[in-house]
Structure formats: structure tokens, C-alpha cells
Amino acid sequence: MTANQQTGEGVRTRFAPSPTGFLHIGSARTALFNWAYARRTGGTYVLRVEDTDRDRSTEESERQLLEGLAWLGIDWDEGPFRQSERGARHREAVAELLETGQAYRCICTRDELEVRRQETIAAGGKWTYDGLCRDREYAADCGEHTVRLRLPETGWLGWDDLVFGPSGQDASEIGDRIIARADGTALYHLAGVVDDLDMDISHVIRGADHQPNTPLHVAIYRALDADPPEFAHVPLILGDTGKKLSKRRDPVSVQHFRDEGYVADALRNWIVRLGWSHGDQEVFSRDEIADLFDLEGVGRSGARADADKLAWLNHHYIQHMDLAELLPLTSPYLERSLGKPVETSPAIAKLVDLNRLRGKTLVELAGHTAWLARDEVVFDPKAARKNLTPDAGVLLRDLAARLAVAPAWDEASLAAVFDAVAAEREVKMGKVAQPVRVALTGGTVSPGIYETLEVVGRDLSLARIEDAAARAVKGEFSS
RNA sequence: GUCCCCAUCGUCUAUCGGUUAGGACAUUGGCCUUUCAAGCCAAUAAGGCGGGUUCGAUUCCCGCUGGGGACGCCA
């Protein structure tokens, strides 16, 4: 029976990251699963920052963490609590365990331990703490010492994992582990259990890398005379090598993907499907995740992070998003690309809308849009050499003259002029449209030529075409 | 090395003893076409191996092989 079943309260989950770097997509997924499970069940989601490793924890990481969660739309109901602020409570728990005899003081030093460990392994044995201090009953004044949990000699430390089913290990495999350092502070295992207990956490959903720790945690719950929560271990996210994602090898931070131009909806959708499925459904909005997520849909084998799938999802969301939502998301990338602030004019907005089919990321979308925001056309040498030949220049000059007297600047009128030029010169439409495209944008990629002309507008279009024509005729782009 | 875990198309996965083994991404071909895309259509592609259990195994059990994770006074 779990704590929450005893108290009759609802589901309470938590995300307990340590602020020692950026928000990792593996952590983000754990956060998402916990969030989703709480939302689905009408439970409560708690955020707890495990910053007890003072050497590695930084405020900057914590800021990044919260920012990443907010960006992904993962909101919490309680917290953020900081484990570092609960030191007194952890000390109290250690004292209690010492009192009840469930723990004892150990004066073995790291060096001594290491020597004995090596000896045991060399002799072909397997090392767990050898229990030298186990029955010595050292008092508080024994000098520098750690505190170890006193495990039963044997006995099954098991739990029924909500993903992996019956799991566990025998106490003899684990040995008496340290729960408090020589300086008196508690280790993660003890602190985490105490916090989960105090915060009445009912379901601990965490990465499978924690599986080997769970027997010890079960033992700590027992020593504290408490019932363990439900545990659900989630298979790890793997990199291209098939190994656990590594900071060195793989792109892992949420911030990284954000910088690369992936939208939050896509990243969230991507990671939720890494290890979880719901029939054949591939696309899940934030609300659907909160609505449909369950632990039964979580698989048991590691999932390789597939960048192509992320790109596809990103494309999907960029296409289906309201333009009003897409524009502000695109602006920063446009400004980055241009190196200056950009005002989102109606023309820019229209071009972004037309270009959304043409990019997998906001970076690409911005890249395809930037030309309109530049004062001067920047020609791609290759595109210009191929399309702005002297012959093309003559054609463009003719075309510009006719466009200048076109009755209107709309698709029908523009098409009539293009058709006429193509017919009279007996060339394919491509020979007309492509030079215009390069004249207007400097490159070979843009929306349909009439749409592009409309977006650029009559005056600027004529100016750019005439300018490019003049330079092309002079052979400026030929070599 | 020890302990634990996992195993369906290249990848993410569906299947909860009986299916022509389904979907998605990627790939390939076709259509469309003024560029690049997108879109549409189609194709290729999977139960690691060996034993059981069963009328019947991808599905249950065992072994092997392969892969992964954990082995801190980190979290």
C-alpha cells in the first residue's frame, strides 16, 4: 500500500532535477511524464531542485532549468523546493535512524575502503561494504565518521514497477551504504526518500538509470518505517551510438534545440513519443498529452533519439500554427540572420506565411525570408551566374518595361505579362521566372514568382528587376 | 568483472496466443511544377538464434547471443 493510498489523497508526482547543467532532454522527458501523469490523473505535480551537491550546483543552471520547463509548457503546482533548504530535516532523519539502530557510525576512511575493495576484487569476490564498523556501536564522539544504513543480512528489497513489473534485489547484494557524509550532510538517497515522504509523493517516475538505486531506496523507506511510493522507471533516451545520450557526443540540451529553431510543441511531442506511445497516434498537443498519457503506454527498451522525426514534427507544427503565433517566434531568428532589429511589416508577415512550407526549422524559415528585409539584394554568385546572363538581362529589361504598364499588380495581370514574354521569345516559363526570382531575392528559392512579386510590391520589384537587368546585360555576373 | 534490465522494418512503435505483422519518420519511384519545398500516390523494409509449452507462438517459459544501465562520503 502506498502512502497516498493510505492517506486517501490523489496522485502526487515530482520532478527532482539537480541543477548541474542545462535542461537535458532526458530530464525534460522525465519532467514531462511526471507532469502528464499528474495532469491525467488530476493529481499534483511538485518541482524540487536537488542542489545538495554544492560543488556542482549553480543558480545559473537552476534558472536554465526553470526556463526550459516553462518553455515546454510544463507547469508545476508546488515548489520549486530546494533540497539544500531541507538540511535540518535530513539530519533529523539520520539521527532518527541512528537512534533506532537502523543506521550506525562508520569510521572507515576512503583510503581504507579502497584498499579493501581492491583486495576483495583481486581475490575474485564481489565488493559491498564489509561491515567492519557495523557492530562497533561508535558514539557521536568517535571522531570523523560517516553514517551507514544497516541492512538486513538477507531479504528481498523489491517493488512492483509500474513499467517493468516485479523488480528488486537481495539486501546481501547491496551492503550497508553511506547515507550521511563525514560533514554530517545527507546523501541523495536519504535526502530524496525523506523529501518524497514529506512531500507525500505517490508516484516516482524517473529514468531507468535509477533502477539500481531503487532497492536501496526501498530499504530506506523500511528503515524509516514508511511505505514506499509506486515506482515507474522509464527507459533511457539513446544517442546515435545506441548508448545513453551523452553531453559530449549528442545534442542534449533543450536550449540547443530551441536555438536551432525547433518550436516547443515539436520538441515536446518528440520526447513524449520517445518511450511512450498511444496506438498509432503520432501528433500530440500539450493538452492531448495531459489527457492521454498513461504508464501502460511506456515501453521497456531504450529509444534512440531520431533527429529526422523531430524535424518532421517541427515542420508539421510550423505549418499548422496560427500566423499570429508563428511571427513572433520567427522574429528572433530573422534578426539573428540579419544582425539588426526587424519590424514585422505586412509584407514580411506574408512572406513568412508563404515560406512556412519551405523550412524544417525557424532558422531556415528566417533564412528564406531575410532577403526581403535587406536594403540591397545580396546575390548568390552561383545563382546569378546561371540566371542573370546578358541574354537574361535583355529579357528582364523587356519584362520590366511591360510590367511597368501592367494594369494591375496581381497574379492575373502579372501572369499575362509573363506568358506573353515567354511566348514571344519562345522560351519556357522557367527561363523567365527564374531570372526574376534571382533579381528579386538574390537567390533561387522563393515562393511562387507571382506571389513573390506581390509581396515585394510594384515599385521595389521594378527597381530590383531593372537593376539586375542592367548589371546582367553588362555581363557583371558572368564570371 | 559483478548485479540489474532490454530485444518487431534503418529509426520510433502497434500487436496484450490465431493479423496478408499495422502506423509514423527516413529511403526509393511516380504525379504535380516558374525555383526550392510542400502535397498526393506507390514501393522497399521487421519478430536475433536454439529449445520447450500449446491445436497454434512475435506474443508464455528456459538457454544462448547481442545491446544497454548501474556499480561514489555525485545526483
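So that the names make sense, note that chain A is the first sequence line, chain B the second, and so on, each numbered from 1.
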Which nucleotide in the list A38(B), U35(B), U34(B) gets nearest to the side chain of Tyr450(A)?
U34(B)

Selection from A38(B), G69(B), A37(B) that lies nearest to any side-chain heavy atom of Arg358(A)
A37(B)

Describe the nucleic acid contact of [X] in one word from base, sugar-phosphate, nothing, applying a heavy-atom distance below 4.0 Å.
{"X": "His233(A)", "result": "nothing"}
{"X": "Thr146(A)", "result": "base"}
{"X": "Cys106(A)", "result": "nothing"}
{"X": "Phe418(A)", "result": "nothing"}
{"X": "Pro17(A)", "result": "nothing"}
{"X": "Lys244(A)", "result": "sugar-phosphate"}

Nearest 0.5 angstrom please: Ile205(A) CD1 to Asn34(A) CG, how far?
4.5 Å

Nucleotide N/O of nucleotides 21-23 of chain B paired with protein N/O under 3.5 Å:
| residue | atom | partner | partner atom | Å |
| --- | --- | --- | --- | --- |
| G22(B) | N2 | Asp280(A) | OD1 | 2.8 |
| G23(B) | N2 | Glu282(A) | OE2 | 2.7 |

Check this for me: does any side-chain nitrogen of one of Arg14(A) and Asp196(A) sit under 4.0 Å from a carboxylate oxygen of the other?
yes

Measure the distance from NE2 on His210(A) to C1' on C3(B) and round it to the nearest whole Å.
18 Å

Could you give the distance separating G52(B) and U11(B) at their P atoms, to the nearest angstrom?
30 Å

